[in-house]
Amino acid sequence: MLVKACLNGAREPGAHPRLPLTPDQLADDAQACLEFGAEAVHLHPRDPDGRESLAATDVAAAVAAVRAECPGLPIGVTTGAWIVPDPPVREAVVSSWGDLDDFARPDFASVNLSEDGWERVATTLLDAGIGVEAGIQRPEDPALLATSGLAPRFLRFIVEPAITDPDAAITSADSLLAALEPLAPDVPRMAHGREDAAWPVLEWALLRGLQSRIGLEDTLRLPDGTITPDNPALVAAAYTFLMESPPT
């Protein structure tokens, strides 16, 4: 049952004492999460000033550092439109990743269907041999995915309700998952929540045999509500839940 560690996300420097930002910090965190069971990592590369970056040099530095520390661990990155808002510019930046050598090129990248230009970005990644995770947040996203014709080519579909209320997030996840059912049944489904909904959605996903993820991108707290010491503690808590409540 794949649990992916989402190491940092868009959080600002200082949001948590152990938020990894530099390539070395990301590599150390990835290694520790791997030891606690993580089977993949998702990260947001940063520039030397700690700002999120899609630039090939920053992506390569982060990916290469993690790969050196964790050979064989699948490494994914963001393509968030808030980082490079102009769709053609974002497409061009992502296209430059295809020129990276295998050691520095990400294995996969997330593409949010709620963002302008997502189809071009996804196609650019696929043409470069980089896997694509489809971020599904809105009720209309499954229909967009179906219309695009890209669904069978994706690495996974990620159900990620934008709502942080736990009950509302699970209701949204149920609806989105049902809408995805007719699409590319061989493509794995993942689901995760954010902040107060992070643990309820993770439990909902794992109990249904879905993939999920956890990390400082999604929550700063352990299931009991206390602040987590770091990413590995979040991953360990996810696997503790899985062992105590196996999928049905």
Side-chain angles (χ1 to χ4, degrees), residues 4-13 19-30 40-137 141 144-145 148-158 160 187 190 213 215 217:
K4 178 172 63 177
C6 50
L7 300 180
N8 56 357
R11 294 199 188 269
E12 294 290 333
L19 182 73
L21 300 175
T22 69
D24 285 346
Q25 290 170 346
L26 289 164
D28 289 345
D29 246 30
V41 292
H42 168 77
L43 52 91
H44 290 216
R46 306 293 176 118
D47 67 16
D49 294 322
R51 294 185 295 258
E52 289 180 277
S53 174
L54 302 184
T57 52
D58 297 321
V59 170
V63 171
V66 174
R67 200 167 321 274
E69 193 75 18
C70 309
L73 181 69
I75 304 167
V77 299
T78 184
T79 62
W82 62 90
I83 306 171
V84 180
D86 183 80
V89 175
R90 187 166 71 257
E91 180 188 345
V93 172
V94 169
S95 178
S96 70
W97 300 356
D99 296 327
L100 299 172
D101 63 43
D102 291 346
F103 196 76
R105 186 188 304 128
D107 298 298
F108 60 91
S110 60
V111 177
N112 300 317
L113 272 66
S114 59
E115 297 173 350
D116 290 341
W118 74 268
E119 284 188 68
R120 296 290 298 272
V121 170
T123 301
T124 297
L125 289 164
L126 292 167
D127 289 347
I130 298 171
V132 177
E133 303 177 308
I136 310 295
Q137 298 180 345
D141 288 347
L144 292 175
L145 183 59
S148 74
L150 293 172
R153 300 179 65 190
F154 282 179
L155 178 67
R156 62 177 62 91
F157 305 148
I158 306 181
E160 42 188 9
V187 175
M190 172 178 281
R213 76 177 207 186
E217 173 171 354

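Counting from 1, the numbers follow the sequence of the chain as shown. Side-chain atoms are counted along with the backbone in the values below, which use heavy atoms only and exclude waters and symmetry mates.
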Apply side-chain contact (heavy atoms from CB on, under 4.5 Å) to Q137 and L113, showing your working.
-> CA-CA 8 Å; Q137 298 180 345; L113 272 66; over 6 Å; no

In short, D102 meets R105 closest at the heavy-atom pair OD1-NH1, 2.8 Å

Under a 4.5 Å cut-off applied to non-hydrogen side-chain atoms, are W118 and D141 in contact?
-> no

Are any non-hydrogen side-chain atoms of D28 and P20 less than 4.5 angstrom apart?
-> no

If you measure from CG on L150 to OG1 on T123, what distance do you get to the nearest 0.5 Å?
-> 4.5 Å

Nearest heavy atoms of P106 and W97, plus distance in Å | CG-CE3, 4.0 Å

Is the shortest distance from a Lys or Arg side-chain nitrogen in D107 or R67 to a carboxylate oxygen in the other one below 4.0 Å?
-> yes

CG/D47 to CD1/I83 distance, rounded to the nearest 0.5 angstrom?
-> 10.5 Å

Taking atom CZ of R120 as the centre, report whether more than 12 heavy atoms of other residues, nucleotides or ligands fall under 6.0 Å from it.
-> no

Any idea which heavy atoms bring R90 and V121 closest together, and the distance?
-> NE-CG2, 4.0 Å

If only atom types and distance count, is the side chain of S95 paired as donor or acceptor with the main-chain N or O of E91 below 3.5 Å?
-> no

So do F103 and V63 actually touch side chain to side chain, heavy atoms under 4.5 Å?
-> no

Donor-acceptor under 3.5 Å (E69 side chain, A27 main chain) = no

Between N8 and L19, is there a donor-acceptor pair closer than 3.5 Å when you use the side chain of the first and the backbone of the second?
-> no

Between G80 and L54, which heavy-atom pair has the shortest distance, and what is it?
-> O-CD1, 4.1 Å

Any donor and acceptor pair, going by atom type alone, linking the side chain of D86 with main-chain N or O of V89 inside 3.5 Å?
-> yes

Value rounded to 0.5 Å, distance of CG in L125 from OG in S110 | 9.5 Å

Report the distance from atom CG of L155 to atom CD1 of I130, rounding to the nearest 0.5 Å.
-> 12.0 Å

Under-4.0 Å salt bridge between E133 and R213 | no

Shortest non-hydrogen pair, W82 vs N112, comes out as CZ3-ND2, 3.9 Å

Shortest non-hydrogen separation from L43 to A62 and the atoms involved | CD1-CB, 4.0 Å

Counting N and O atoms only, with roles assigned by atom type, does the side chain of S53 sit under 3.5 Å from a partner on the main chain of R46, one being a donor and the other an acceptor?
-> no

When rounded to the nearest 0.5 angstrom, what is the spacing between CG in L21 and NE2 in H44?
-> 12.0 Å

Going from OG on S148 to CZ on R153, what distance comes out if it is rounded to the nearest 0.5 angstrom?
-> 10.0 Å

Heavy-atom side-chain proximity of K4 to I158 below 4.5 angstrom = yes

Side chains of D58 and P48 in contact at under 4.5 Å (non-hydrogen atoms) = yes

